[in-house]
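First the structure, in the form of C-alpha cells, and then the observations on it.
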2 protein chains.
Amino acid sequence: MKTKQLNSQKCAAVIVAAGRGTRMGPNVDKLFLEVSGRPVVAHTWQRFEQAECIDEIVLVVREGMQTAFAELAAQFQFRKKIQLVAGGQERQDSVWNGLQALGTDVGIVAIQDGARPCTTPALIEATIRAATEMGAAVAAQRVSDTIKESDGGALIQRNVDRARLWAVQTPQTFRVGVIRRALVAVRERGVLVTDDTAACELIGQPVKLIESTAPNPKVTVPADLAYVELLLRNL
Amino acid sequence: MKTKQLNSQKCAAVIVAAGRGTRMGPNVDKLFLEVSGRPVVAHTWQRFEQAECIDEIVLVVREGMQTAFAELAAQFQFRKKIQLVAGGQERQDSVWNGLQALGTDVGIVAIQDGARPCTTPALIEATIRAATEMGAAVAAQRVSDTIKESDGGALIQRNVDRARLWAVQTPQTFRVGVIRRALVAVRERGVLVTDDTAACELIGQPVKLIESTAPNPKVTVPADLAYVELLLRNL
C-alpha cells in the first residue's frame, strides 16, 4: 500500500543544503565532495527523487549556489519539481525559508539534511506515514553504546541509562501546519533549537520515533566519506 | 617518552573474548569472523602485541576454546607472554577471572573487548598514562548525535543535552588494586554493571575520559564488519 493512497495531500521534501560545515577544513563544501561518482548532496537528492511518496522538492541553498544546484538537476536528470530557496543564518531559519516556498496543496513535509546521503526511500515513507497520523515523526536509531555523563571536564560523573536514548537523524517529517506553528513559536521566543523536533516540544506536539534499520549517517568529518561510500555501494 | 619509563610496574592487557554475542545470528562466533584476512579477535590481539607499553596479555575465552586461541598465537606469531583463562557467566565475571591470573608484579591492567579490533596502540598508551596517574581511565568518544529520551515507547519525551555525554569504549584501564576493589564491591552487592568504570562508581573511584581520536567500533552486527575492514585498511 502506497503512502499516497493514505494521504490525499501532496508531500514535499525540504533538503537543507545551506550549511558549509566547519569540520571538513577551510573552504571545503562537504555537500559537493564526490563520493561514488557524484557529490554528496546529489545522492541525498536522488533518495527523494526515488521515493514515490515525494511529489516535489525544495532545496535550501547558500546564496549564489542556485546555478550549481540547477546544474546538478540537469546532470543527474532529476525529474521531480524543484524549487531553489536561499538559506538563512541558522539551520532553523533555512528550514523556515524552505517552508515558505511550499504551495498550499502540500500537507506533509519531510525535512532532510543535505549531508545525509544514505537515507532510504522506505525510511522516508515510514516517517511520512507516521507524520500523517501523528503530526510529527523522526528517523532515529537506538543508542547502543554505553553512555556516561562527564562532570563538564574529563571525569565521569555518572552512568546514563541508555534504554530510553535515541540518536535522531533525518528525515524529520511533519504535517505542514504543525512545523509552521512550531517554528513560529521558536521565532517568537527567539530561541535556538537543535533540530525541528525540539521545536515541536515548544508547542507540546508529540513526535514519533521511527527506527532506522539501515545506517543513515551524516557526513561531518573526512573519515565519514569512506564509510558513506561503502554504504552507498550496497544501496 | 615511553609509558614504561613512567611506571616501573608491569602493564597487562585482559582481552575479554568469552562472549558469543547474539546479534550476528545463531551459532556465529563473531570473534572468529574473518576481516582483512584474519579473525576479528586476532586483530584486537595484534593491537596489544604492537603496543610497547603492554608486557603481557591475558585472554579470557569460553571453556573449550583454549586450543583455538593457542593456534591463533602460533599462526600470527604473537610473541608476548599470554595466559588463557576461562570466562564466567557475565562479562564482569570474565574480567574477574582475568584479573585473578595477573602476577603480583603487574601494576596496571587494560581491559579490552575482544570484538573491538581497531583500538590503536596510542590510545592504549594514553589510557595507561591516565590510569597510572588517576587510578582509572577509559577510552571514549563525545556523543555527536542529537539525543532524545523516549517515553519508554516510541514517542520523544525530552531533548537530552549532549554536551556532557560520552560513549565509552575500551580499553578501560586501571591500577590493579583499584579494579580489584571495585569488582569486589560489585560481587559483594550482587549487582550487574554495564562496564568496568561503573564498578568504579561503586567505590567512589574517579575515572578519566580519554578521547579516542580515531573510530574504535565494536563488532556487533553483520554490517559492522565491512566498516571495520575499511578502518583496518587505514591502520
Contacting region of I147(A) [heavy-atom separation from chain B under 4.5 Å] = both
Interface moiety of D151(A) toward chain B, non-hydrogen atoms closer than 4.5 Å = backbone
request  = Would you mind reporting whether M134(A) and L155(B) have side-chain heavy atoms less than 4.5 Å apart?
outcome  = yes
ask   = Side chains of I156(A) and L209(B): closer than 4.5 Å at any heavy-atom pair?
value = yes
Segment of V160(A) engaging chain B (4.5 angstrom heavy-atom cut-off) = side chain
inquiry  = Would you compute the distance between atom NZ of K218(A) and atom CG of D145(B) and round it to the nearest 0.5 angstrom?
reply    = 9.5 Å
inquiry  = Using heavy-atom distances under 4.5 Å, tell me whether V168(A) contacts chain B through its side chain, its backbone, both, or neither.
reply    = both
inquiry  = When you compare the side chain of K148(A) with that of D195(B), does any pair of heavy atoms fall below 4.5 Å?
reply    = yes
query = chain B heavy atoms under 4.5 Å from E201(A): which part of the residue, side chain, backbone, both or neither?
reply = side chain
message = Quick check for you: among A137(A), A130(A), A167(A), S150(A), which has the greatest number of heavy-atom pairs under 4.5 Å with chain B?
response = S150(A)
request  = Rounded to the nearest 0.5 Å, what's the gap from OH on Y227(A) to CG on L231(B)? Could you check?
outcome  = 9.5 Å
key: Which atoms of V221(A) approach chain B - backbone, side chain, both or neither, heavy atom under 4.5 Å   = neither
key: Under 4.5 Å from a heavy atom of chain A, the part of V143(B) involved   = side chain
